[in-house]
Every structure is written in C-alpha cells, then in structure tokens.
Chemist: 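Below: one structure in structure tokens.
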Amino acid sequence: MTATITTTPPMASASRSRAPVARLTWLLARPSAQSAALLVLPGLAFAVTTALVLIVLGGGMMFSRWTLDDNADATVYQMLSVLALVLLLVPLASLGGAAARLSARRRDDRLATLRLLGATPGTVTQMTVLESTAIAVLGSLVGIVLYLIAMPFVGLIPFAGEAIGAGALWVGPGVLLIVVVAVAALAAISAAIGLRRVTISPLGVRTRQTAPKMHWTRIVVGVLAIIGAYALLGSMSGIADAALTIAVLGTGIGIGIAVLNLIGPWALGIAAKLSLRRAKSAAQLIAARGILESPKAAWRQVSGVAMTSFIAVVAGTGIAVVSSLTGDYEEDTMLLLADIRTGIIITVVTSFLMVACSVGVNQAANILDRRDLYVSLDRLGMPREVIEKFRSRTVMSPLRFVTIGSALVGGVLVFPLVGISFIVAPASLIVIAGCLIGGVFLVWLALRATGPVLTRVLREPERL
Amino acid sequence: MNFSTPPFPANATPHTTAFSAPAILSGSALVKTYGSSTALAGMDISIRAGESVAIMGASGSGKTTLLHTLAGITSPDSGRVDFQSPSGSVDVTAMNERDRSRLRREAFGFVFQQGLLIPELTAIENVALPLMLAGYPRREAEGRAQHWLAALGLAGMEARRIGELSGGQAQRVAIARAQVTGATVVFADEPTGALDSATSEDVLNALLGSTVGQGHALVIVTHDDAVAARCSRVIHLRDGRVLPSAQTAGSTGRAVSA
Ligand SMILES: Nc1ncnc2c1ncn2[C@@H]1O[C@H](COP(=O)(O)OP(=O)(O)OP(=O)(O)O)[C@@H](O)[C@H]1O
Ligand SMILES: [Mg+2]
C-alpha cells in the first residue's frame, strides 16, 4: 500500500498459474480471499436440499413398506405418495440447481481472471468442480444433521389414524450415502457445464457480453423426466381403478409442467419487452431490462412457483372431490380421505418451502454477485427504496405472470378429470386462492429476508 | 432545479481565474482512519466553482478517501465538509444518510475508473436514469440524455448496451450521466486509468468540457501527469496530508504538475 506508482508490480501471476490445482483452489477459497458468505450460501442451500430430499424419501419409503395386511388401502397410499414425490421433484431440482449454479457462478469472475492470467482451461475446470463438490459434500452432511433434527417433528404428522413416529422416516445409511453422492455429483456436473462458457472465452464472463442462451439439453432432460415418470406410473397401473386415475393425473401434470418450462422463459421475455416499453420509473425500467437480459434466469427463479400453483389447483380440486365424498362412509375410508387431505397439505407446504429457499438463495447470490453495481448505485445517490423496488419487481412481476399462467394450465389439465364443478367448488377455490396468495407472500418474504445482505454490502463496501 | 444543457466548447480550456471565485465545497481538518491505517490525517481543502482540481499522490495516500469524504459517501472521523448549495451552506458531515444520498443524486456527479454503468441498460437509459430518479418523465429524460450523448460524440450509439461499447465510449456515457442533471461538482476517480493515452485525452476533453466548460467544478484523482497538466490546480497528497508545495501551487496555476 505504501509502494509508489513507479514501482513495477512483482510478477507473481506466472508462477501462480503453475501452482497445483488443489493449492490454488484452497488459496482462492480461503475466507480471507473472499467473503465467507459466498461459500456458506450455496452450502446452506445444499443442506436444505439434502434435508428435504431425505424427509420426502423417508415418507415415500414408509408408505412403500406398508402391506395390505397393515392397511387395506396400502396401494392407494403408495400411489399417492409417488404422485406427491413426482410433484415435489421439480421444486427440489430447482433448489438443488440453484445451489449448484451458485457455487459455480460464484467463481466465474475469479476464474475468468485466472484464465486471463494464463491458467489452462483444464486447471480452471478442475478447480471449480473441486470446490463446488467440496461445498456440496459439506452442505449435504449438514443437511443430514438437519434431517435428524427434523425427524421427531415430522414424525408427529398422523397417517392412518396415528402419528407416524420419528423412526418411520429413517432411510438407513445406504440411502444417506446415495443422497450425499448424488448431491455432490449434481454440484460437480452443474459446475462443469456452467463453466464451459468461461473456459471458452475468458473475456465473455469478465465483461458479461454473452447473454446465456436456452440450451437444448433442458428439453432432452425434460422429455426424459416425463418418460421416466410415465414408465414409473405406467408399471403400477392396472392394479386398481384409483391407481389408474392417479397415473393418468400424474402423467398429465408432468406434461403440463414440461410444456410450462419450455414456453415459460419465452413468454416471460415477451412480457418483459412489453413492460419495458411501458416503463415509467427507474425501477420499472431496470426491472424490465433485468428480466430481458436473461428471461431464462428470471424464469428459473420463479419456476418452482409454477409447480406450486399447479399443485395448488390439483390439491384444490382433490380436496373438493374428497369433501364431496365424506358423509356416509365407513371409518377406514374416512381415514383415507383425511390422510389424502394431510398429504396434499404436506405437498403444498413442502413445495413452498423449497421455492422460498431457492428464491432467497438466488437473491442473496445476486446481491453478492453484483455488489459493485449496488455500491455504485448507492454512491450515485440512488435511493435505497428504488434499489429495493427494482430488486423486488425483477422477481415479483415474473412471479405474478407464472402464478396465474400455471394455475390456468393446471385448471385446463384437471378439467377433463373432474369437471368444472369441482374446480370452482368453494373448497377448491379456497385452497387454490390460499395457496397462490401464500406462495406469493412467501416468495416476497424470502426476498425481504435478503435485504440485510444488501444493507451489509452497502455499509461495508469492499473497496472498488 | 436548473439542469444544464449539453452544448459546450469542444475543447474547453480550464478557467485559470477560478482562484477568485468563492469555495463551493470545502473540507476542514478532515481525519479518517481505518483500523491502524490513517487515510486522512487532518486535511484542509477547498474547491471553487468553475475550477478543475487534480488530486495526485502515491497509492494509499488517501486520494479516494478524500474524494469520498468530500462527496458525502464516507463520513470522516472528525472535521467537516461544507457545500454551498443554491439554497445556502450545508454541513455535509452533519447530514443523515438519506439526505447525503439526495445531495449526491442532485448536486454531485460521479465518474469512476470503471464506468460502473448498469450493464443491462442501454447507453441512453443509463444517462437518463438520474433524471428519472429526479422525477422527469421517461420521454423527456431520454431526450436530454440523447443530447448529451450526441454532444459527447456518441450519436448513434444510444441503443447499445454497455458491454457493446469501448472503454472510452463507456467513460463518455458515464460523463454524460454525471452531468445530465447539471451537477455543480463532478468527482472523478482515475477516470482515464484504464484507457490508452489517445482515448484518455478524448475522455478528458469531454470531462473538462462538460464540467469546467459549464462553470461547474471538477475534482479528479489521477496518476497521469498529462491529465493533471490540463487542470487548473494540482494537489499532492502523502500519507493523508496535502504536501505544502502543492498548496503554493494552488495560487500559481499548473506549474507543479510536471
Ligand atoms: N474501506 C477501507 N478499509 C480499510 N482500509 C481502507 C479502506 N479504504 C481505504 N483504506 C486505507 O486508507 C488508506 C488510503 O486509501 P485510499 O483508497 O484513499 O488511497 P488512494 O490514494 O486512493 O490509493 P490508490 O491510488 O491505490 O487508489 C490506505 O492505507 C488504505 O489501505
Ligand atoms: Mg484510489
């Protein structure tokens, strides 16, 4: 700091790029080299993902252990639990994906700099994959602890007339290991894919010139997921009428989700273009431009909500159907109907939790990612309210779009199955409205929760 | 508020008579420490309307800290900063965060080493932003922004995103943004630090023309003697203090800079 301007800087870059990958990774990952939050955040997201996966898996495995001797309706329970798992797959994947991208993207700038300094693409990729995987493993270990802590509480939920108990959700060491490995693999693959852009053009990320494009692998993965879900459900069909109905429902929903995800980003881009033209205030302008910059990223932030409003419609009509059946049935059936209601509520609540988590993680990452921009806007005298307003608009306006759009698609899909009377039944509408409002509120809350991150960034701006 | 219009002499020469004008911004006995390092060790400085002041000194000598303190971005540990606003003298250091933010938005302009423009916005939108924050309708804000861009030689580039501009062009967008509201003081921290000498010259012309050329003050941190030579006054800092030689230079024009 006391060196004069005429002093030549030591030529450290050449030797640094030749350092072993592990050492280099460690040097860049040290808390002193970057704010601890940048490492903790994706780790936390991996932890929450792991915990939720384990709880959901535990529930599914519990039902799969039931036999017809335990419960005459065991098959129906199993079908419904598979349906719930399928519904939870998308928000879960989006949370896991957010965590993985986060740990990869965090490195983008630094790695682009390393490339500029002459590190080989191989070194850069290895470093990132190494770091992301390490964070994922640590995060999922923390997730296992969270799972163990949550088990007794989740165990209080009653099924078939009694609390299921903490032990019922235990998945066993084998599954624990598989989940940790799967989460680590997800992180590694996501980091490797996310980094191809950096290794191809070091300047691309540095200057953020290339807006990420929609990738065909998404479509392939989507199609494969649907085929998988279809095969899974198809293999179980024909056992009972109820099973068949559930299979059809699951498939229909799966296709609906896939279609939503394919057209969602594109439709969002068009909506943003319209609001850009109409924008009057600075906040509206920045928000619309922000969405237009990458409709796919904007969609990704809220795509989990597409699922929850979808689930809300299915759940709403489901509850309406269930309510219409109550009355003159025997005790067993009454129990089953009550359990279906419980299951629907659990599915909705869990999916909301996942979505709120991924919005929170993404937003916190966004602030840290763009700290220099936020700091400079603050220095230029942009009022904090305006910053908050465009931050919130960038999430909330796609959210509104997604919520309404996917609820409509959900309604269209459910219509041939139950008819309009159940969709607009009071019980159904109450559940749907409650879910949509609750979901939007939860996302808003997650967004607000990241406010302190911005406050901290503005209060202690790293020197620019 | 009275916003300035872009036309200014293409190659404005600094006002060398600014010495007689009253101080528009002054800092007295400014002290700022970060932990054990002292960034400002009791500094006095005053900036007059229509003058350009170059601040030079070794890395870590407190240039950026001084700039941020004068601009109300950083609060000093002690000392005060007074700004002559159109409605009277205000003590910047006594203001709360909200008022200081407003002061920066309405009375000051900023150009940093990296323009720090919003990358998603186009050039014209970046320049129009301060006007929109001041409550101007978007159409009018963009109209004024367009004039400024044209005056700075960026006609035809209004719709480009920042990533699609060269470093020098982006800096000129930042200059347009700093002056579009008619800021009476513009703070520039190494605005030419990342540019080659020819581009640096262009950017400096634009900067001087749009500030001093309009009767506004420019405070510019630089390591470049050629940049300092174009300013009406050069202040040298060392270890958070103003070097005495530079203080005398204040009254004898630009003699010291080379
Ligand atoms: N946010 C901060 N936290 C800790 N120390 C700081 C901070 N800002 C400045 N300093 C310290 O204050 C002193 C002056 O810093 P300043 O940024 O003003 O220097 P400068 O003259 O602008 O240097 P340069 O030419 O490198 O930009 C330095 O010793 C620096 O380390
Ligand atoms: Mg500096």
Side-chain angles (χ1 to χ4, degrees), chain A residues 1-7 9 203-211 272 276-295 297-298 366 369-387 389-390 394 455 458-461 463-464, chain B residues 34 37 56-61 64-65 68 71-74 97-98 100-110 112-122 125 128-139 141-142 161-164 167 174 177-178 181 183 187 189 223-224 238-239:
Chain A
M1 269 298 143
T2 51
T4 59
I5 8 161
T6 48
T7 314
L203 284 172
V205 171
R206 205 85 204 87
T207 57
R208 290 184 205 280
Q209 272 170 345
T210 47
L276 172 69
R277 218 169 291 156
R278 284 201 316 267
K280 287 193 187 70
S281 69
Q284 288 168 339
L285 180 68
I286 298 173
R289 279 281 181 209
I291 296 167
L292 262 184
E293 178 82 0
S294 174
N366 174 290
D369 236 14
R370 312 193 68 189
R371 62 199 306 155
D372 52 350
L373 177 68
Y374 287 117
V375 167
S376 73
L377 289 178
D378 179 59
R379 286 182 182 168
L380 295 170
M382 179 176 280
R384 176 70 193 267
E385 307 88 80
V386 175
I387 298 183
K389 223 180 265 170
F390 81 71
T394 313
T455 306
L458 294 184
R459 198 162 289 161
E460 300 164 5
R463 307 181 55 216
L464 292 174
Chain B
Y34 292 103
S37 73
M56 299 191 79
S59 184
S61 57
T64 299
T65 309
H68 286 183
I73 291 171
T74 310
E97 211 156 312
R98 214 185 168 76
R100 276 190 283 132
S101 173
R102 213 179 103 215
L103 183 72
R104 296 200 293 271
R105 182 163 73 241
E106 292 180 348
F108 297 155
F110 298 91
F112 304 110
Q113 176 169 10
Q114 248 85 40
L116 289 178
L117 300 152
I118 304 183
E120 300 93 305
L121 298 189
T122 60
E125 288 164 350
L129 205 62
L131 289 174
M132 289 176 74
L133 288 179
Y136 270 65
R138 184 170 164 201
R139 184 181 294 267
E142 292 194 346
R161 285 157 75 251
I162 301 310
E164 297 164 343
R177 178 181 65 179
T181 54
F187 298 93
D189 197 347
H223 283 132
D224 186 346
R238 182 185 293 162
D239 300 332

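Lettering of chains follows the sequences in order, A, B, ..., and the numbering in each one begins at 1.
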Chemist: Does a side-chain heavy-atom distance below 4.5 Å link A:S281 with B:L133?
Modeler: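 No - every pair of side-chain heavy atoms lies 4.5 Å or more apart.
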Chemist: Minimum heavy-atom separation for A:R379 and B:F110, please, with both atom names.
Modeler: O-CE1, 3.5 Å
Chemist: Give, for atom CD1 of B:I118 and atom CD1 of A:I286, the distance between the pair rounded to the nearest 0.5 Å.
Modeler: 4.0 Å
Chemist: Identify which part of A:A283 has an atom lying under 4.5 Å from any heavy atom of chain B, answering side chain, backbone, both or neither.
Modeler: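 Contact with chain B is absent: no heavy atom of A:A283 under 4.5 Å.
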Chemist: Looking at A:E293 and B:R161, does any basic side-chain N land under 4.0 Å from a carboxylate oxygen?
Modeler: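 Looking at A:E293 and B:R161, the cut-off is met.
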Chemist: In terms of heavy-atom proximity below 4.5 Å to chain B, should A:E385 be classed as side chain, backbone, both, or neither?
Modeler: side chain
Chemist: Please flag which part of B:I73 lies under 4.5 Å from any non-hydrogen atom of chain A: side chain, backbone, both or neither.
Modeler: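 When you check distances to chain A, only side chain atoms of B:I73 fall under 4.5 Å.
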Chemist: Answer yes or no: is there a donor N or O on one side and an acceptor on the other, between the side chain of B:R138 and the main chain of A:K280, under 3.5 Å?
Modeler: no
Chemist: Is there a side-chain contact between A:L276 and B:E125, using heavy atoms and a 4.5 Å cut-off?
Modeler: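 Of all side-chain heavy-atom pairs linking B:E125 with A:L276, at least one is under 4.5 Å.
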Chemist: For A:L292 and B:E120, run side-chain contact (heavy atoms from CB on, under 4.5 Å): C-alpha distance rounded to whole Å, both residues' side-chain angles, the deciding distance at 0.1 Å, then the answer.
Modeler: CA-CA 8 Å; A:L292 262 184; B:E120 300 93 305; over 6 Å; no
Chemist: Please name the pair of heavy atoms, one in B:R105 and one in A:P383, separated by the smallest distance, quoted to 0.1 Å.
Modeler: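 It is NH1-CG, 3.2 Å.
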Chemist: If I measure from the heavy atoms of chain A, does B:R100 come under 4.5 Å with its side chain, its backbone, both, or neither?
Modeler: neither
Chemist: Give a yes or no answer on whether the side chain of B:R104 reaches the backbone of A:D378 with a donor-acceptor pair at less than 3.5 Å.
Modeler: yes
